[in-house]
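Quick notes on the structure that follows.
Predicted model, so just to flag it, every value in this text is computed and none were measured. One-based numbering, in listed order, for ligands and for the atoms of each.
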Amino acid sequence: MPDISGKKVLVTAGPTHEPIDPVRFIGNHSSGKMGIAIAEEAAKNGAEVTLICGPSRVESSVSVRRIDVQSAQQMFDAVMGLQAENDVLVLSAAVADYRPKQVASNKIKKKDAALVIELEPTPDILASLGAKKRPDQLLVGFALETDNELQNAQSKLNRKNCDIIVLNSLQDAGAGFGHDTNRVTILDRHNNISTFELKSKAEVAKDILQKIKDYK
Ligand code: CTP
């Protein structure tokens, strides 16, 4: 894809919040910074960008169409509704893998006994897109691994039928959740592996966009 100018790009970003009751949720530490930086960089490159964003305080510019969602299910519904019309789909959101099976309609009152919350899996957005992907579409996933990083990222790429996977390392000080910097390794379907230095998320976004443009 040598030029993404005029192409439609969908980006997911941020965490998801999975409700337990009207006042509580299960969430994670994702800030949304990485995904929003990718959305902004794609817009700068002339793409028509839709950002599907979980709860995040990070603002995005008017050049990006932003759809705010809360839960994995809402993110799934928003993304799948736009699946067919997008050329490039970049899934950088830290989607919760599990959600409470039952959401209490009233605030859960404290009792003396232990509280057990049963969890069920959320729909896997990346895998669902991979299953429906057309040959003209480019699917980019993210992986956060703590061990056997390359091997796990490679098998995730194959399992979820991605073209490119961006591997975040949790081993690096200054990289990942909440930080303004990140260090990534980018793998593709043709077994190309590119490693990058720790840099600002805006610079990482440029590297990811370059990989998308260079992908054949
Ligand atoms: N993802 C998604 N929908 C989910 C969970 C994850 O779209 N319900 C996407 C993320 O946006 C990211 C990639 O899948 O692009 C990350 O996958 P991850 O959650 O790390 O992989 P898992 O399938 O959970 O595998 P594992 O728990 O073995 O790491």
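For ligand 1, the polar-atom distance check against Ile125 finds a nitrogen or oxygen pair separated by under 3.5 Å. Residue Leu144 has no nitrogen or oxygen atom sitting less than 3.5 Å from a nitrogen or oxygen atom of ligand 1, judged on distance alone. Ligand 1 has an N or O atom lying under 3.5 Å from an N or O atom of Lys156, backbone or side chain. Considering backbone and side-chain atoms alike, Gly141 places every N or O at 3.5 Å or more from each N or O of ligand 1.
The residue from Ala143, Ala72, Ser155, Pro123 that puts a heavy atom closest to atom 8 (N) of ligand 1 is Pro123. The closest heavy-atom contact to atom 22 (P) of ligand 1, among the options Lys160, Gln73, Met75, comes from Lys160. The option from Thr16, Asp97, Val166 that lies nearest to atom 19 (O) of ligand 1, judged by heavy atoms, is Asp97.
Residues Asn192 and Asp188 bring a donor and an acceptor atom of their side chains to less than 3.5 Å of each other. A side-chain donor from one of Asn182 and Asn168 sits under 3.5 Å from a side-chain acceptor of the other. With hydrogens and angles left out, the side-chain atoms of Asn158 and Arg189 include no donor and acceptor closer than 3.5 Å. Side chains of Arg99 and Thr122: a donor-acceptor N/O pair is absent below 3.5 angstrom, by distance only. Using a 3.5 Å distance cut-off with no hydrogens or angles, the side chains of Thr181 and Lys201 do not pair a donor with an acceptor.
Nearest protein neighbour of atom 15 (O) of ligand 1, counting heavy atoms only, is Leu91 O, 2.6 Å. Here the heavy atom of the protein found nearest to atom 16 (C) of ligand 1 is Phe142 O, 2.9 Å.
Within the 4.0 Å heavy-atom shell around ligand 1 one finds Ala93.
Ile36 is listed as a side-chain neighbour of Arg66, based on a closest heavy-atom distance under 4.5 Å. Taking 4.5 Å as the limit, some side-chain heavy atom of Leu129 sits within range of a side-chain heavy atom of Met80. Put simply, the side chain of Val184 does not reach to within 4.5 Å of the side chain of Leu167, judged on heavy atoms.
Looking at Asp124 and Lys160, a side-chain N of the basic residue comes within less than 4.0 Å of a carboxylate O on the acidic one, giving a salt bridge.
Those atoms of ligand 1 that come under 4.0 Å of a heavy atom in Arg159, given as number and element, are 23 (O), 25 (O). Below 4.0 Å from some heavy atom of Leu126 lie the following atoms of ligand 1, by number and element: 2 (C), 7 (O), 9 (C), 13 (C), 14 (O), 15 (O). Within ligand 1, the atoms closer than 4.0 Å to a non-hydrogen atom of Val95 are 2 (C), 3 (N), 4 (C), 5 (C), 8 (N), numbered from 1 in the order shown. Every atom of ligand 1 is numbered from 1 in the order shown, and the set under 4.0 Å from a heavy atom of Thr122 is 8 (N).
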